[in-house]
Amino acid sequence: MRTHPESAARGRPPIEAADEGPLDPHVLVVMGATGNLARRKLFPALFHLWHLHLLPERFRLICSSRTAPGTEDAFLPMVHAAMEVYRGTIDDLAWQEFARRISFVPTFEDDGAALERAVAEAAKELGNDCEILYYLAVPPSATESVVRMLGTFDVPGSAKIVLEKPFGKDVESARRLNETLHDFFEERQIYRIDHFLGKEAVQNILALRFANGIFQPVWNYQHICYVQIDVPEQIDIQGRAEFMESTGTFRDMISTHLFQLLGFVALAPPAHMDADSLHHEMIKVFRAIRPIDPERVVFGQYDGYRDEAGVDEASTVETFVAMEVYVDDWYWIGVPFYLRTGKALAEGRRTITIGFREPPLKIFPGDVNDTCNELVLELTDDPTIFADVRAKVPGAAFRLGRGRMRLALVEAFPEAEPLEAYERLILDVMRGDSMLFISTEQVELLWLLCDPLLRNPPRPMHYPRGSWGPREALRLPAEHGWRLPDS
Ligand code: BG6
């Protein structure tokens, strides 16, 4: 267990560290520190990690941005306000201790001289074993120039760089970005975040599949007849018009989060639970995905999207995607994977459904063919896994009914201290563990797969807010239909 000298100030006892030894000292540099991501996710995550005693004892947070406020005095209240909004009331003493580690240094266009000096000083102060972690929370258009600027910094200590999606917008731009990155950083120093992989429930897919003997033998085309990866969102674009107009839902969600989920469901057992083994298996899956059939893809746009401030009144950007994907390997040949996500839909869910084949023989009276045997993973913050099975209804007659086997993770492990996705992933970067991050090869393979469709995208169909998307999408999974909404 690690202890910190200022334990008392943090208002809670230290919890057991998630990993073996203490972390090396870190200077964490957040670029784009006044932006939405930093305020909504990064600062609350860092504060919580610090509060849980999971950050290194020697730690500095240097924040930078090309926009105001320009000084620390104006910046700190902004961070404090953001934390109150996204984390609730903040203990004052704990905040004072945390805030002592934060500084703000503006950057101007490509001039990062002041930032470079601040990073070098902080690194020297923290000692020889100090590591520097650059976190790019900047808009996609700024990524390359920021990488070039940071790459030329002459500072002591080894560096790591964290990037947010989208990693380019097609094969060509992704390759260009990767070349720029590799001009300054080695692959082992680069961490591409897909925050879905930091979610407890998503990592649990791996635990479920590979820490148990019951699932793996049936985890293939001989026993499974379809998979659904369904991530409807109730929220609309929430003012992110510029982002949505330039990115669209396919690049925002499908070529990133949903394909990563597909990888976790479809990958073959890795030899070890480490970055190389997992990436190797993910790459095999992405290589085996059949070219996407545009006839089996539905794009949608919610009614009223074009009236949102900042949206082109003739926009053809998709706010919804549903599609069928096949993985042509020895495990999944012939099994359709249905992917669906969109904004302004009826519910917000993250549901993976594995549909099992019917038993070969019907021997019970009243036995029917329906979609009974489904294993369902609800990837919420309160993750649940359940399996729908047929069972005998108690009583004199031999009558079948539907029952449900259920595992609720929070109930099963009441003492556990779950980490939010960003918290988990920031810790992983500090530990130097890239298992839950996306490699260069994965990025390029996914763009190779998606590019043909995106060069010639389907016309988006309209759908009403609060619905389940365009009618055409409802029909996509043929006889079984979508598992959601729950019947
Ligand atoms: C982000 C997308 O990566 O993920 C958003 O840019 C989306 O459009 C969000 O709403 C969903 O993530 P979560 O964790 O809120 O389900």
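Residues take their numbers from the sequence shown, with the count starting at 1. In listed order, ligands and their atoms are each counted from 1.
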Of Lys41, Arg240, Glu420, Arg350, the one whose closest heavy atom lies nearest atom 16 (O) of ligand 1 is Arg350
Glu179 and Arg176: salt bridge (charged side-chain N to carboxylate O under 4.0 Å, His left out), yes or no, with the steps?
CA-CA 5 Å; Glu179 276 163 24; Arg176 209 176 44 238; over 6 Å; no
Answer yes or no: does atom CD of Glu172 have more than 12 heavy-atom neighbours from other residues, nucleotides or ligands under 6.0 Å?
no
Would the number of heavy atoms belonging to other residues, nucleotides or ligands and lying under 6.0 Å from CE of Met273 be above 12?
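Enclosed.
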Where ligand 1 meets Lys343 - atom numbers and elements under 4.0 angstrom, heavy-atom basis:
5 (C), 7 (C), 8 (O), 10 (O)
Taking only heavy atoms of Lys199, which atoms of ligand 1 are found under 4.0 Å from at least one of them?
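Those of ligand 1 that fall under 4.0 Å from Lys199 are 13 (P), 14 (O), 16 (O).
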Nearest protein heavy-atom contact for [atom]: which residue, which atom, what distance?
atom: atom 3 (O) of ligand 1; result: His257 NE2, 2.7 Å
atom: atom 7 (C) of ligand 1; result: Glu233 OE2, 3.4 Å
atom: atom 12 (O) of ligand 1; result: His195 NE2, 3.1 Å
atom: atom 2 (C) of ligand 1; result: Asp252 OD1, 3.2 Å

Any non-hydrogen atom of Met244 lying under 4.0 Å from ligand 1?
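No, that is not the case, since the closest heavy atom of the residue is not under 4.0 Å from the ligand.
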Would you check if the side chain of Arg296 reaches a backbone N or O of Leu476 as a donor-acceptor pair within less than 3.5 Å?
yes
Can you confirm whether Phe320 sits close enough to Thr341 that some side-chain heavy atom of one is under 4.5 Å from a side-chain heavy atom of the other?
no
Can you check whether Phe337 and Trp332 have ring centres sitting under 6.0 Å from each other?
yes
